Participant: 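For reference, the structure I am asking about is given below.
Numbers restart at 1 for each chain; the letters A, B, ... are given by sequence-line order, proteins then strands. Reckoned from all heavy atoms, side chains included, excluding hydrogens, waters and symmetry mates. Treat the numbers as computed from the prediction; the structure is a model and nothing was measured.
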There are 2 protein chains.
Amino acid sequence: MLASNAVQVPSRTTNRGAPAAQPRIAACIAPPAFAASQPHQVVLYSPNAEIYGQGERAAALYQVVFGAVRVYRLLSDGRRQISAFHVAGDVFGFEADGHHHFFAEAICNSAIRIYRQPIGADVAREILPVALTALIRAQEHLLVIGRQNAAERVAAFLLDLFERQDGLPQVELVMSRTDIGDYLGLTIETVSRVFSKFREKGYIRLQGVRTVNLVKLEALRALCV
Amino acid sequence: MLASNAVQVPSRTTNRGAPAAQPRIAACIAPPAFAASQPHQVVLYSPNAEIYGQGERAAALYQVVFGAVRVYRLLSDGRRQISAFHVAGDVFGFEADGHHHFFAEAICNSAIRIYRQPIGADVAREILPVALTALIRAQEHLLVIGRQNAAERVAAFLLDLFERQDGLPQVELVMSRTDIGDYLGLTIETVSRVFSKFREKGYIRLQGVRTVNLVKLEALRALCV
DNA sequence: GAAGAAATTCGGTTATATCCTAAGGGAAAC
DNA sequence: GTTTCCCTTAGGATATAACCGAATTTCTTC
């Protein structure tokens, strides 16, 4: 079905999660289409498996078929900043100079569609709006972590997930508290405290640790205006 | 030379700077070219003049001919996050959905080349790498304000200016301490204190308030690795 | 050159989030 | 069913940067 030389084997395992498993080539499922007309392959990744690493040559675009991905950068002492989470349908892996400036890892079991063709004018026109959306998201996130306090950051995070889920008020957190903290520029203790405070105030209801019901949307919205 | 209906008049004045002056149409100078083949106009802006505002319809791309621009976003209580500074040659004003999500203002007297044409496939291919560079810059800035302390942020800021100036160790700060603070997610007092500390340690030398000599580049680099 | 206004720097206090430690809970493995 | 491990929650001390007030410098304007 697919040539074996197309398999990408993760070269690196992070020190934050479980050992990365070998990605396997999946049957070609057909979920949210981006450029399905373009030749591509679909690769499966286990939790915490590296999809690409900082410094590697970049020659592909990636689209989440199912699962979730975190894109992040590290300081030498281990401090980590997650710049984005990606879920089904999202395209990521844009690089300007042929090299990856970030790490990308699967958060949970995930399937990633990989496009390895060079970008022609037609493709550029297709992915430009996707790249611009990512740019705006990143710049809006700058406001959140640069100028908002802990509660405001968490509220913005929950509302962002909410809106990405087409307004379903029950939000599934695929990522851990550590991931959320590293995305919001906070520690896990602070994230946990804010979740507790929101629960006490009746803004949210927690079913287990990974399921959040947004009860008082207005209160959350009022926090991050 | 240029049609008078092409003049863009700033509709809004910020509460942070001096009143905005009317932009005037400039003679067509010919500095760093981006898409000089495309039809465009050049508009002059006075310090603190608004180039575009959040919510306005976005139908143009902008390139700094000379001067400097800040792009920022506001919270309702006035907190401000500057997402980028742009200097001669930089292209900005990308928007994904036909609306501006940010404000753009001239910092000093500036000339801006404005391209109003819709983006075709050929143009998309040309500006995609520019947009991707902006995306990477924004995401790298997330690491700075999300995970680095005050000294590390200022060091990263100075080194960024240094590298954008092709390695000239004398850096001219076109922006105020307030702007720097709002770019780094710090208050002006903290920015000022870090400058003083760097001066005491011999990392930098200050000639006046707006001229910085980077004396110990290695020390600054060591701060933000 | 003098006066006024704005921007910057400085000092001290306070608040927020981190750091550190430990307890509690849930999922996976045995 | 039990154990183990990891993630999460919780509590208290600490540190960093914000906040407040004021002095100083720099730039404008006359």
Side-chain angles (χ1 to χ4, degrees), chain A residues 14-19 21 46-48 75 77-81 107-109 144-155 157 172-200 204 206-212 223, chain B residues 14-19 21 46-48 75 77-81 107-109 144-155 157 172-200 204 206-212 223:
Chain A
T14 65
N15 51 1
R16 293 208 178 226
S46 299
N48 303 305
L75 291 172
D77 61 0
R79 280 177 287 176
R80 182 177 71 155
Q81 178 65 46
I107 295 176
C108 50
N109 280 309
V144 174
I145 66 176
R147 285 298 177 201
Q148 299 197 209
N149 62 30
E152 292 167 340
R153 295 185 206 193
V154 174
F157 171 70
E172 281 297 320
L173 304 176
V174 287
M175 67 292 287
S176 68
R177 296 290 190 270
T178 302
D179 282 344
I180 297 173
D182 284 350
Y183 177 67
L184 296 176
L186 300 170
T187 58
I188 53 174
E189 297 98 319
T190 302
V191 173
S192 179
R193 269 186 251 272
V194 173
F195 270 97
S196 298
K197 202 183 78 177
F198 283 177
R199 178 170 39 74
E200 289 163 11
I204 63 174
L206 289 166
Q207 298 177 11
V209 199
R210 298 286 179 109
T211 305
V212 184
L223 266 177
Chain B
T14 64
N15 51 2
R16 293 208 178 225
S46 300
N48 302 306
L75 290 173
D77 61 359
R79 282 177 286 176
R80 182 178 70 157
Q81 177 66 45
I107 295 175
C108 50
N109 280 309
V144 174
I145 66 176
R147 286 300 176 199
Q148 300 197 198
N149 62 30
E152 292 166 340
R153 293 185 207 192
V154 174
F157 171 70
E172 281 298 320
L173 303 177
V174 288
M175 67 293 287
S176 68
R177 297 288 190 271
T178 301
D179 282 344
I180 297 174
D182 284 349
Y183 177 68
L184 296 176
L186 300 170
T187 59
I188 53 173
E189 296 98 318
T190 301
V191 172
S192 179
R193 270 186 250 272
V194 173
F195 271 98
S196 298
K197 202 184 79 178
F198 283 177
R199 177 170 41 73
E200 289 163 12
I204 63 173
L206 290 166
Q207 298 177 13
V209 197
R210 298 287 178 107
T211 305
V212 184
L223 265 178

Participant: Measuring from atom OG of A:S176 to atom CG of A:D182, what distance do you get when rounded to the nearest 0.5 angstrom?
Facilitator: 8.0 Å
Participant: Under 4.0 Å between a side-chain N or O of A:S196 and OP1 or OP2 of D:dA10?
Facilitator: yes
Participant: Does a nitrogen or oxygen in the side chain of B:R199 sit under 4.0 Å from OP1 or OP2 of C:dC10?
Facilitator: yes
Participant: Specify the closest pair of heavy atoms between B:A151 and B:L223, including all atoms of both residues, with the distance to one decimal.
Facilitator: O-CD1, 4.2 Å
Participant: Calculate the interatomic distance between A:L186 atom CG and D:dT8 atom C1'; express it in whole Å.
Facilitator: 16 Å
Participant: Distance from B:D179 atom CG to B:L184 atom CG, nearest 0.5 Å?
Facilitator: 10.5 Å
Participant: Counting C-beta onward and ignoring hydrogens, is there a side-chain heavy-atom pair between B:M175 and B:Y183 closer than 4.5 Å?
Facilitator: no
Participant: Does the protein touch nucleotides 23-29 of chain C at the base, only the backbone, or not at all? Give it as B, S and - per nucleotide, heavy atoms under 4.0 Å.
Facilitator: -------
Participant: Rounded off to whole Å, could you give me the CD1-to-C1' distance for the A:I188 and C:dT21 pair?
Facilitator: 13 Å
Participant: Any N or O donor-acceptor pair under 3.5 Å from the base of C:dC10 to the side chain of B:E189?
Facilitator: no
Participant: Could you tell me whether the phosphate oxygens of C:dA17, OP1 or OP2, come under 4.0 Å of any side-chain nitrogen or oxygen in A:R193?
Facilitator: no
Participant: May I ask you to test the A:F157-A:L173 pair for a side-chain heavy-atom distance under 4.5 Å?
Facilitator: yes
Participant: Rounding to a whole Å, what distance do you find between A:L206:CG and D:dT9:P?
Facilitator: 7 Å
Participant: Drop me the distance from B:I145's CD1 to B:E152's CD, to the nearest 0.5 angstrom.
Facilitator: 14.0 Å
Participant: Just N and O in the side chain of A:S192: are any of them under 4.0 Å from OP1 or OP2 of D:dT8?
Facilitator: no
Participant: OP1 or OP2 of D:dC27 versus the side-chain N and O atoms of B:R210: is any pair under 4.0 Å?
Facilitator: no
Participant: So does B:T190 get a side-chain nitrogen or oxygen closer than 4.0 Å to the phosphate oxygens (OP1/OP2) of D:dA18?
Facilitator: yes
Participant: Rounded to the Å, how far apart are B:L173 CG and D:dT26 C1'?
Facilitator: 15 Å
Participant: How close do A:L186 and B:R147 get, heavy atom to heavy atom, and via which atoms?
Facilitator: O-NH2, 2.7 Å
Participant: Just checking A:G181: base, sugar-phosphate only, or nothing, at a heavy-atom cut-off of under 4.0 Å?
Facilitator: nothing
Participant: In whole angstroms, how far is the C1' atom of C:dT18 from the CZ atom of A:R80?
Facilitator: 17 Å
Participant: To the nearest Å, give me how far apart NZ (B:K197) and C1' (D:dA17) are.
Facilitator: 12 Å
Participant: Expressed in angstrom and rounded to an integer, what is the separation of B:N48 atom CG from C:dA6 atom C1'?
Facilitator: 13 Å
Participant: Could you check how far CD1 of A:I180 sits from C1' of D:dC7, rounded to whole Å?
Facilitator: 12 Å
